[in-house]
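Below is one structure; the comments refer to it alone.
Numbers here simply count residues along the sequence, with the first being 1. Nothing here was measured: the structure is a model prediction, and the numbers come from that model. Heavy-atom basis, side chains included; hydrogens, waters and symmetry copies ignored.
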Amino acid sequence: MELTRKDFLRGSAAIAAIGGLTAAVPGAASAAATVTGAGLGPQPRFPITGLPVLNPILRLYPEKSVFRSGDIRFGVGELEMMIPFLGTGEIVWSVNVSEAKRYRIALCYSTVNETQPVTISVNGQDVPFAAPRTKGYFIPHPEGPVDDPGDPDTDGFWRMREYYLFERKPVAGEVDLVRGVNVVKLKVTAPKGKEAFRLRSIELTPVDKVAEIEADLTRQRANRANTDWFANAGYGMWFHFLDLTTPRAGPRKSYEDAVNALDVPKLAKMVDDCGARYLIWTVNHGNPTCPAPIKAWERLHPGMTTKRDLIMELADELAKYNIELMLYQNCPGTGGLIQQHQRAIDTPTFSEVEYANQLIDVFNEFGARYGTKVKGWWLDSWFQTMESYPNLPNEAINRAIKSGNRNCMSSFNGWAFPNEVECQDYWCGEITDLPAKPFGARYLKDGPAAGLQAHSAIKLDAPWFHVTENMEMEPPLYSARELADYIAICQRDQAPVTLGVGIYQDGTIGSKSYAVLTELRGLIRKGKARR
């Protein structure tokens with residue numbers, strides 16, 4: 001079936017019902033005033049008001065398409081985040097712009113083929129592209145991919161590792177978008193069978209904005225935090241302590257009771273016993289809990305904060321061992337941005353400005369309260385958030401993160417997809433499982449996040465969190481020697497490795513994991529005095 005621009009125009013009522021992508025409205029800008037912060041450059045006063053500053057880059061994601069055909073795998077989660085072609089297939093978008101302009105094209109994709117034939121068509125103008133093989137840091141799963149990967153909550157979904165090597169590649173040639181409705185198509189040509197190409201997005205950048213965009217990106221890169229301590233840390237630990245976290249046996253306590261019962265000195269000593277140089281602690285994941293009396297959070301989620309300031313106590317106790325504290329936050333779980341069931345896309349329930357202000361208020365309060373005690377943030381699900389809110393003021397949010405500490409590091413998780421947030425400081429590195437490819441340098445040279453501080457996050461035992469009642473902690477996936485060998489490779493590149501360790505509700509970890517980690521300490525920290 002061939003769809004033309006005329007077909008779309010004839011069916012304009014249907015198109016309106018389906019919904020499309022809208023480009024920037026000329027003259028739309030934030031009404032925020034600015035002040036100058038110490039070393040941070042211009043900072044918006046809060047709250048942000050007026051219309052958002054519209055992103056000039058149009059990103060066409062599979063979830064926003066209006067037509068798909070051919071040899072495409074229609075998996076539950078895949079079509080929302082990325083679209084796999086197992087042969088020849090086509091995907092079509094309706095793109096509505098307010099004025100005619102010329103655009104450059106880039107593709108964000110993954111392919112294991114050397115020169116995969118792809119054709120981008122804009123209003124009937126074809127642009128052929130021989131897509132080069134992409135690079136990244138995933139190694140194929142030892143058991144290979146599965147025929148039916150299922151949704152993101154199944155193991156099979158994560159078996160497709162060789163197809164997660166996403167990069168952004170420019171496409172030679174330029175195209176014209178007319179005022180009003182445009183038809184953009186992408187066609188992959190390949191033999192039916194094995195996966196040939198996996199699309200994350202098409203990016204259309206207006207030619208008249210290229211210099212301005214590049215100057216803006218250069219400025220953002222220049223303002224990144226100093227990551228020296230992180231680069232030299234070797235490895236750290238990561239606990240997902242949630243309201244769903246379970247005890248070793250019996251029913252779970254309420255979140256506040258569990259937070260109140262935590263023996264922080266004992267927990268900090270355990271982290272030191274394991275040789276970690278930093279700890280990432282989860283603020284929220286799933287339900288919007290917060291282990292501290294953060295007023296901005298309480299306003300958003302009444303009853304979900306705690307009277308005990310666990311974050312402050314953790315930071316102070318860890319500092320006795322020279323261990324740094326970082327925080328994890330799943331931002332879609334803050335406010336009212338809800339992830340749709342069995343889908344990878346969030347449902348906006350309010351404007352971009354309102355959502356940005358929610359996050360900014362929270363991060364400003366964290367910054368004022370903890371200052372330099374919090375050394376960094378790992379912000380989850382950002383690639384999903386950016387699909388819902390393409391004009392989100394990431395720089396303003398990042399400045400709020402750094403409001404109490406100029407060098408507080410931030411990572412806006414884009415998983416395996418090409419980076420869409422240039423102001424962040426290090427790559428989230430959600431590699432999840434070993435083996436993994438060496439980075440080869442402190443700052444990533446290629447792959448999804450070129451230019452960012454390298455970092456790897458893998459799970460040691462539990463699938464990030466332990467939430468099943470009356471079940472022993474999952475056994476460690478790797479020996480101390482296997483971990484030490486990988487960490488040593490990463491240390492040569494000054495790339496820290498974060499080990500996701502399952503935690504019980506009493507603040508202890510699995511005995512087998514503890515044994516592996518204390519042995520790991522001896523292997524990695526050998527010859528170094530205990531602090």
Side-chain angles (χ1 to χ4, degrees), residues 136-143 152-153 155 157-162 164-166 230-231 233-241 271 274-282 285 324 326-328 330 376 378-381 409 411 413-417 426-440 442 444 447-449 452-466 473-503 509-510 512-521 523-525:
Y137 303 100
F138 294 100
I139 290 177
H141 192 281
E143 298 175 24
D153 293 325
D155 290 337
F157 188 87
W158 305 102
R159 289 263 299 272
M160 315 301 286
R161 292 164 62 89
E162 61 262 55
Y164 296 156
L165 306 179
F166 286 89
F230 192 51
Y235 70 96
M237 295 169 68
W238 186 350
F239 293 145
H240 279 70
F241 189 89
V271 174
C274 295
R277 289 284 195 264
Y278 60 90
L279 174 67
I280 300 179
W281 188 268
T282 296
H285 195 168
E324 306 290 6
M326 297 171 63
L327 298 175
Y328 165 101
N330 193 296
W378 201 101
L379 305 176
D380 208 357
S381 304
M409 304 183 307
S411 181
N413 185 19
W415 184 45
F417 300 133
Y426 70 99
W427 186 43
C428 67
E430 194 178 1
I431 290 172
T432 306
D433 298 303
L434 296 181
K437 292 181 182 178
F439 293 113
R442 173 177 173 178
L444 302 178
L452 289 179
Q453 163 73 53
H455 163 248
S456 175
I458 62 172
K459 61 181 190 286
L460 174 64
D461 44 25
W464 298 118
F465 36 74
H466 184 81
M473 186 65 66
E474 293 86 343
L477 297 169
Y478 316 105
S479 68
R481 172 49 62 190
E482 288 173 315
L483 291 173
D485 288 346
Y486 177 64
I487 291 169
I489 291 171
C490 291
Q491 279 185 308
R492 289 198 290 269
D493 296 330
Q494 290 188 284
V497 177
T498 299
L499 304 175
V501 182
I503 189 170
I509 63 177
K512 293 179 181 178
S513 295
Y514 180 76
V516 165
L517 290 168
T518 52
E519 183 182 351
L520 175 66
R521 178 194 175 107
L523 293 172
I524 295 295
R525 312 298 184 196

For S513 and P476, which heavy atoms make the closest approach, and how far apart are they?
OG-CD, 3.9 Å
For A495 and Q453, which heavy atoms make the closest approach, and how far apart are they?
CA-NE2, 4.2 Å
Quick one: CG on L460 to SG on C274, what's the gap to the nearest 0.5 Å?
9.0 Å
CD/E324 to CZ/R277 distance, rounded to the nearest 0.5 angstrom?
10.5 Å
Could you measure the distance from the CG atom of D461 to the CG atom of L499? Nearest 0.5 Å is fine.
9.5 Å
Nearest heavy-atom pair of L444 and A454: which atoms, and what distance?
CD2-CB, 3.6 Å
More than 12 heavy atoms of other residues, nucleotides or ligands under 6.0 Å from CG of D155: is that the case?
no
Do P496 and H455 come within less than 4.5 Å of each other through their side chains, counting heavy atoms only?
yes
How far does CZ of F138 sit from CD1 of I431, to the nearest 0.5 angstrom?
6.0 Å
Can you see which heavy atom on E162 is nearest to which on R159, and at what distance?
OE1-O, 3.9 Å
What do you reckon, are the aromatic ring centroids of W415 and F166 less than 6.0 Å apart?
no
pair I487-L523: side-chain heavy atoms closer than 4.5 Å:
no
Within-4.5 Å side-chain heavy-atom neighbours: V271 and Y278
no
Step by step, would you call V501 with Y514 a side-chain contact (heavy atoms from CB on, under 4.5 Å)?
CA-CA 9 Å; V501 182; Y514 180 76; over 6 Å; no
In this structure, NE2 of H240 is separated from CG of N330 (nearest 0.5 Å) by 8.5 Å
Hey, could you give me each pair passing salt bridge (charged side-chain N to carboxylate O under 4.0 Å, His left out) that has a residue in residues 430-439? Not counting sequence neighbours.
D433-K459
Who are the salt bridge (Lys or Arg N to Asp or Glu O under 4.0 Å) partners of E519, not counting sequence neighbours?
none
Between CG of D380 and OG of S411, what distance do you get to the nearest 0.5 Å?
9.5 Å
Taking C-beta and beyond as the side chain, do W281 and L327 meet within less than 4.5 Å on heavy atoms?
yes
What verdict does the side-chain contact (heavy atoms from CB on, under 4.5 Å) test give for W378 and M326, after you've listed the backbone C-alpha separation in whole Å, the side-chain angles of each residue and the deciding distance to 0.1 Å?
CA-CA 8 Å; W378 201 101; M326 297 171 63; 5.7 Å; no
If you define the side chain from C-beta out and look only at heavy atoms, does anything of Y235 sit under 4.5 Å from L520?
yes
Heavy-atom side-chain proximity of I524 to L483 below 4.5 angstrom:
no
Under 4.5 Å between any side-chain heavy atoms of V497 and Y486, yes or no?
yes
Could you go through the side-chain contact (heavy atoms from CB on, under 4.5 Å) check for I489 and R492 one step at a time?
CA-CA 5 Å; I489 291 171; R492 289 198 290 269; 3.4 Å; yes
Do you know which two heavy atoms are closest between G502 and A462, and how far apart they sit?
CA-CB, 3.9 Å
Does P448 have any side chain to side chain contact (heavy atoms under 4.5 Å, CB included) partners at least two apart in sequence or in another chain, and if so, which?
Y137, W427
I'd like to check L279 versus F239 (side-chain heavy atoms, cut-off strictly below 4.5 Å). Are they in contact?
yes
